[in-house]
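Side chains are part of it too, since the values below use all heavy atoms of this structure and drop only hydrogens, waters and symmetry mates.
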Amino acid sequence: LPLLRVPLYQVDAFTDRPFGGNLAAVCLLGGQNLPDDDLRKIAVEMNQPETAFINTLSPQEDFSTSSVFRLRWFTPVSEVLLCGHATLASAVALFYVLENPSPQLTFQTLSGDLFARRE
């Protein structure tokens with residue numbers, strides 16, 4: 001079996017302190033497009049209410065400089081159409097962990113475009 005290596009973060013949303021708020025896993029897939037069943041299996045292993053999967057729009061783009069991404073959310077059971085806390089957790093990972101300097105991020109989702117601004 002091929003080894004899958006992707007950055008993964010667990011982020012507390014809706015809080016300014018550790019171990020508070022709503023926990024979500026954030027998985028940075030870059031240009032990799034994994035089958036839905038694999039995304040669900042990763043969500044099972046993360047054992048969180050939702051796992052966010054972020055893709056760049058092309059293999060040449062990266063998480064530290066791009067401002068538009070694809071975003072999907074999976075529970076251990078299925079994909080969901082919208083998840084607020086996992087969206088905010090995704091923005092936190094990009095803005096503060098990867099130090100993306102963009103003033104605003106756009107997430108292309110099944111529910112339409114969502115925006116996160118740096119405060």
Under 3.5 Å donor-acceptor, Ser66 side chain and Val68 backbone: no

Residue pair Leu29, Arg70: steps toward the side chain to side chain contact (heavy atoms under 4.5 Å, CB included) verdict: CA-CA 10 Å; Leu29 296 176; Arg70 277 191 305 276; over 6 Å; no

From Thr65 atom OG1 to Glu99 atom CD, the distance as rounded to the nearest 0.5 Å: 13.0 Å

Within 6.0 angstrom of Gln104 CD, more than 12 heavy atoms from elsewhere: yes

CZ/Phe19: more than 12 non-hydrogen atoms of other groups inside 6.0 Å: no

Thr56 (side chain) donor-acceptor with Asp62 (main chain) under 3.5 angstrom: no

Rounded distance (nearest 0.5 Å) linking atom CZ of Phe63 with atom CG of Leu105: 11.5 Å

Residue pair Asp12 / Thr15: nearest heavy atoms and the distance that separates them: CB-CG2, 3.6 Å

Joint hydrophobic cluster, Val92 plus Leu28, side-chain heavy atoms closer than 4.5 Å: yes

Nearest-0.5 Å distance, CD of residue Glu45 to CZ of residue Arg40: 11.0 Å

Atom pair CH2 (Trp73) and OG1 (Thr87), whose distance is rounded to the nearest 0.5 Å: 4.0 Å

Salt bridge Lys41-Asp37, side-chain N to carboxylate O under 4.0 Å: yes

Derivation and outcome, side chain to side chain contact (heavy atoms under 4.5 Å, CB included), residues Ile42 and Phe53: CA-CA 10 Å; Ile42 292 169; Phe53 294 93; 3.8 Å; yes

Taking every non-hydrogen atom, the tightest pair across Met46 and Gln10: O-NE2, 4.1 Å

Smallest separation among heavy atoms of Pro76 and Ala43, with atom names: CG-O, 4.0 Å

Nearest atoms (heavy-atom pairs only) where Ser90 meets Leu71: OG-CD1, 3.6 Å

Heavy-atom donor-acceptor pair, Asn100 side chain to Ser67 backbone, under 3.5 Å: no

Nearest non-hydrogen partners of Arg118 and Pro101, listed with the distance: NH2-CA, 3.7 Å

ILVMFWY network linking Phe14 to Val11, side-chain heavy atoms under 4.5 angstrom: no

Single-linkage hydrophobic cluster Leu114~Tyr96, side-chain heavy atoms < 4.5 angstrom: yes

From CG (Leu81) to OG1 (Thr109), nearest 0.5 Å: 8.5 Å

Geometric class of the Phe69/Phe107 ring pair [parallel <30°, tilted 30-60°, perpendicular >60°]: tilted

ILVMFWY cluster, Leu82 and Ile54 together (side-chain gap under 4.5 Å): yes

Approximate separation, where rounding is to 0.5 Å, of Thr51 OG1 and Leu8 CG: 7.5 Å

Student check: side-chain heavy atoms of Phe74 and Val44 closer than 4.5 Å: no

Minimum heavy-atom distance Gln32-Arg5, with the two atoms named: NE2-O, 4.0 Å

Side chain to side chain contact (heavy atoms under 4.5 Å, CB included) evaluation trace for Val26 with Val97: CA-CA 11 Å; Val26 177; Val97 177; over 6 Å; no

